[in-house]
Amino acid sequence: MSVRRVFIEWIEQGVIPKHKLEESANLLKVEPSSSDWKSFLDRIFLSLGSLSLVVALGFFIAYNWQWMGKFAKFGMVEFAIISGAVAYYVFHQRDLVAKLSLLTSSILVGVLLGLVGQTYQTGADTWELFFYWSLFILPWTIISRFSVLWLFWLFLINISILLVQDTYLGSVLYREEESAVLWMGFWINTAALFLWEFVAFRWNVLNDRWALRCVSTVSGAFITYLVCLWVFSEEFTGWMAFPLWLVWSGILYFFYWKKKPDLYPLAGIHLSTLVFLVCLMGRAMSDILVDGGFLLIAIVMIGLGSASAKWLLRIHKEMQQ
Amino acid sequence: MIKIDRNELWNLLLQGDVVAGELPERQAGSPWYITVLLAFSGWLASLFVLLFFGAALSALLEIHWLSAMIGIWMLVPSYVLPRLDSKTVFLESGSLAIGLAGQALFYYSIAFYFGNFDIGTGFWFLILITQFVILVTIPYFLHQMFASLGFSAGIFLFLGSLSMEAFVPGILMLCFSFCMIYEFRFGKYSDRMRSGTYGLVIAAIVGLNMHWFNVWNLSEWKWWIVTGRGFTGLVSFAILAHIAYHYTRDIKNRVFQISLLAALLMIIITWNLQGVLLGSVLLALGYFRANLLIWGLGILSLLWSVSFYYYLWEVTLLEKSIYLFVVGVGLLSMKWILSSLPVFSQEKGNA
């Protein structure tokens with residue numbers, strides 16, 4: 001709970017007189033001080049400025065400027081990559097600068113691979129670019145201990161999976177195609193989640209809750225999609241979707257409730273269950289899905305949503321004590 | 001996460017003579033993702049309620065004036081149920097689902113009644129007004145958020161029908177910045193300011209980055225597009241200036257003047273990329289009000305804007321590259337200037 005949250009709570013309870021609200025905000029230091037602002041702006045300008053320069057270079061290379069020789073283009077990108085790596089070494093004492101340097105170099109590796117494909121017309125499929133990109137930056141990702149870079153790395157892996165689907169099996173929208181890619185997405189992201197939690201627990205690094213929540217969201221999205229597809233077509237997903245969804249939900253629920261309390265994944269599991277049950281009801285009532293069937297589903301949805309919220313708020317209260 | 005000691009905070013207020021008496025009992029707040037869960041279930045339930053109407057009462061839907069009246073009546077539970085002492089989450093969610101379905105029914109019926117779906121400016125204005133009324137009257141936070149989104153859509157559609165959609169980002173920024181800056185001044189109604197804020201911010205981010213506000217037509221220098229963008233810039237400048245003034249309280253203060261200059265520079269360099277300007281304003285406002293959710297939405301807007309910039313076909317990649325290079329250098333220059341300024345050692349109001 002933050003100071004802001006407590007302040008808002010007291011305002012809503014009416015315990016702070018209306019004419020003393022500004023004075024109270026000052027006393028509680030709800031607003032950041034001038035030096036807080038300086039530190040904040042310093043980091044924002046650095047992060048956004050670096051990102052902007054990296055993207056600018058990427059666009060520049062993608063422009064495929066004909067009269068600039070290939071060695072000049074390669075030299076430019078490689079110089080930028082090496083500069084980033086050197087900056088990481090030089091500024092290793094300044095945490096954010098070092099990590100951002102490595103992040104920019106990692107992004108530029110992708111630009112370099114794109115340039116290789118563009119210059120030599122290698123004929124490689126797009127998924128290969130993202131896959132090899134993730135492979136090459138893996139050592140930097142490991143040494144950086146930077147959650148943003150790890151998320152970027154996972155993003156590349158997920159993109160390469162989706163592009164494999166697109167290249168060999170048609171659009172991911174067509175359910176008639178193999179579900180193997182969806183399973184691959186689920187396994188990779190779930191494995192990443194478990195490994196990340198283990199590393200965070202064992203070595204107390206990469207402990208950013210927001211990053212872990214992102215990974216759990218992607219893992220949950222895949223398995224929820226699979227189990228919903230299972231409702232409508234077991235042949236497509238295989239029989240494993242439902243039992244695996246149950247096991248995944250059970251393990252994560254226990255872990256995030258009892259072992260490492262975090263309400264967000266629990267809420268995600270409730271949402272996943274809600275979506276699954278709606279699909280199940282829709283499928284079960286598909287023959288009689290007229291009139292009262294719709295209203296029944298609506299009532300069940302409201303009931304389930306409310307019950308979930310009430311249960312989660314109870315756990316939230318327990319976690320705060 | 002830093003554990004907040006409520007007793008310590010209460011003692012600070014006691015010492016400052018702001019409050020008296022015992023520490024109030026703790027109220028369990030609701031994290032944003034639980035709100036999202038309820039919003040999703042309520043919204044989905046409202047779709048099924050509408051399907052029920054369409055299936056079971058299709059004959060009724062053909063009497064447009066009657067179905068419009070029923071739509072309005074369906075808003076009554078949304079007003080009454082959350083005010084009950086015995087209200088439960090189920091009743092509140094139910095009131096949301098019925099209310100949303102009622103609104104959809106009302107607008108659908110009106111659209112048919114007044115011209116067989118040949119709707120114009122008047123219809124969009126009706127949406128704008130009714131959604132605003134719902135926002136200020138309905139007591140349920142989630143419903144207020146949906147109304148805020150509907151209000152934003154109403155503004156966009158209304159101004160769009162007058163070819164003035166370029167003004168929408170500025171208007172939305174004005175509305176949500178007002179709600180955020182004066183959030184605490186409305187006492188018990190501050191939750192309504194917050195619900196309004198979130199709806200307006202989401203609408204602004206989606207609309208601006210989905211190119212709905214015509215501000216991406218860089219090759220078309222129509223006066224209303226340029227003026228619209230200028231209006232957005234002006235509003236952004238006012239917001240950033242307000243935050244700077246909040247700390248310095250003196251327009252002759254050097255820090256204040258430099259902040260204004262930096263804000264102006266930011267607006268100029270993001271002229272062609274107003275999603276970045278929106279994201280920057282959200283970051284500033286979110287940090288000012290210690291609102292992490294707004295902060296996160298600001299980052300989302302920034303990333304989305306830069307990603308979509310690649311697909312803007314009217315501008316060559318070379319021009320985009322040069323532009324982003326200028327933006328990057330500008331931001332790093334601001335960082336350098338900031339680090340060479342003296343630390344802001346005076347809190348606001350002190351000489």
Side-chain angles (χ1 to χ4, degrees), chain A residues 1-6 8-16 18 20-21 23-25 27-28 30-35 38 40-42 44-46 48-49 52-53 55-56 59-60 62-63 263-264 267 270-271 274 290-291 294-295 297-298 301-303 305-306 308-310 312-313 316-317, chain B residues 4 6 9 12-13 16 18-19 24 27-31 33-34 37-38 40-42 44-45 48-49 51-52 55-56 88-90 93-94 97 184-185 187-188 190-191 247 283 287-288 290-291 302 306 310 316-318 320-321 324-325 327-328 331-332 334-335 338-339 343-347:
Chain A
M1 183 165 268
S2 62
V3 174
R4 170 193 154 82
R5 186 63 230 151
V6 174
I8 287 171
E9 192 186 305
W10 288 340
I11 291 174
E12 287 174 355
Q13 286 176 313
V15 298
I16 301 178
K18 207 170 166 182
K20 297 217 172 175
L21 285 173
E23 192 183 338
S24 313
L27 284 167
L28 297 177
V30 177
E31 292 159 4
S33 66
S34 303
S35 52
K38 189 164 180 259
F40 164 72
L41 289 172
D42 188 71
I44 284 294
F45 288 150
L46 176 65
L48 296 182
S52 200
L53 287 177
V55 176
F59 283 5
F60 184 75
Y63 179 64
L263 201 65
Y264 177 86
H270 277 264
L271 184 61
L274 195 76
V290 289
D291 303 5
F294 290 121
L295 193 60
I297 292 177
M301 284 221 64
I302 295 167
S306 314
S308 296
K310 207 168 173 184
L312 288 167
L313 284 171
H316 181 53
K317 210 171 173 181
Chain B
I4 304 297
R6 295 163 60 86
L9 295 176
L12 279 171
L13 294 183
V18 171
V19 296
Q27 269 181 353
S30 178
Y33 32 87
I34 295 182
L37 175 71
L38 284 169
F40 179 76
S41 68
L44 211 51
F48 281 102
V49 169
L51 285 170
F52 164 71
T88 61
V89 179
F90 179 81
S93 288
F184 301 138
R185 290 206 190 171
K188 289 183 184 178
S190 63
D191 62 333
Y247 287 90
L283 283 178
Y287 192 69
F288 179 52
N291 191 325
L302 285 169
V306 172
Y310 180 78
T316 65
L317 279 170
L318 178 64
K320 287 176 200 170
S321 163
L324 282 172
F325 179 76
V327 169
L331 288 170
L332 290 175
M334 283 200 269
K335 177 199 162 14
L338 190 67
S339 58
V343 172
F344 293 5
S345 53
Q346 297 169 350
E347 293 296 334

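Atoms considered below: every heavy atom in the structure, side chains included; atoms not considered: hydrogens, waters and symmetry mates. Quick note on labels: first sequence line is chain A, next is B, and so on, each numbered from 1.
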### Message
When you compare the side chain of B/Leu331 with that of A/Leu53, does any pair of heavy atoms fall below 4.5 Å?
### Response
no
### Task
Sort B/Ala290 into side chain, backbone, both or neither according to what part of it lies under 4.5 angstrom from a heavy atom of chain A.
both
### Query
Between atom CG of B/Asn291 and atom CD1 of A/Ile8, what is the distance when rounded to the nearest 0.5 Å?
7.5 Å
### Check: B/Ser41 side chain, A/Ile302 main-chain N or O, donor-acceptor pair, under 3.5 Å
no
### Query
With respect to chain A, which residue among B/Pro24, B/Ser93, B/Ser321 yields the maximal number of heavy-atom pairs within a distance under 4.5 Å?
B/Ser321
### Query
About how many Å separate CG of B/Leu13 and CG of A/Leu28, when rounded to the nearest 0.5 Å?
4.5 Å
### Query
So which part of B/Leu38 gets closer than 4.5 Å to some heavy atom of chain A, the side chain, the backbone, both or neither?
side chain
### Query
Which of parallel (below 30°), tilted (30 to 60°) and perpendicular (above 60°) describes B/Tyr33 and A/Tyr264?
perpendicular
### Shortest non-hydrogen contact between A/Leu313 and B/Pro31, atoms and distance
CD2-CD, 4.4 Å
### Task
Please report the shortest heavy-atom distance between B/Phe325 and A/Ala56, naming the atom on each side.
N-CB, 3.5 Å
### Minimum heavy-atom distance A/Phe45-B/Leu332, with the two atoms named
O-CD2, 4.0 Å
### Task
With a 4.5 angstrom heavy-atom cut-off, could you sort out which part of A/Leu274 is near chain B: side chain, backbone, both or neither?
side chain
### Query
Tell me, do B/Val19 and A/Trp10 make a side-chain contact under 4.5 Å, heavy atoms counted?
no
### Summary
Highest number of heavy-atom pairs under 4.5 Å with chain A among B/Gly328, B/Gly94, B/Gly42, B/Ser190 belongs to B/Gly328
## Note on the structure
So CZ of B/Phe184 and CZ of A/Arg4: to nearest 0.5 Å the spacing works out to 5.0 Å
## Note on the structure
Distance col, row A/Phe60:CZ vs B/Leu317:CG, nearest 0.5 angstrom, shows 11.0 Å
### Query
What distance do A/Ile44 atom CD1 and B/Lys335 atom NZ have between them, rounded to the nearest 0.5 Å?
12.0 Å
### Message
Need one label for A/Leu21: side chain, backbone, both or neither, based on atoms under 4.5 Å from any heavy atom in chain B.
### Response
side chain
#### Entry: Heavy-atom closest contact (B/Gly16 atom, A/Glu23 atom, distance)
O-OE2, 3.5 Å
### Query
Of all heavy-atom pairs between B/Leu37 and A/Ala267, which one has the smallest distance, and what is that distance?
CD1-O, 4.3 Å
#### Entry: A/Lys310 NZ to B/Phe90 CZ distance, which is reported to the nearest 0.5 Å
11.5 Å
### Message
Is B/Leu302 in contact with chain A via its backbone, its side chain, both, or neither, using a 4.5 Å heavy-atom distance?
### Response
side chain
#### Entry: Exercise: identify the closest heavy-atom pair between A/Pro32 and B/Tyr247
O-OH, 2.6 Å
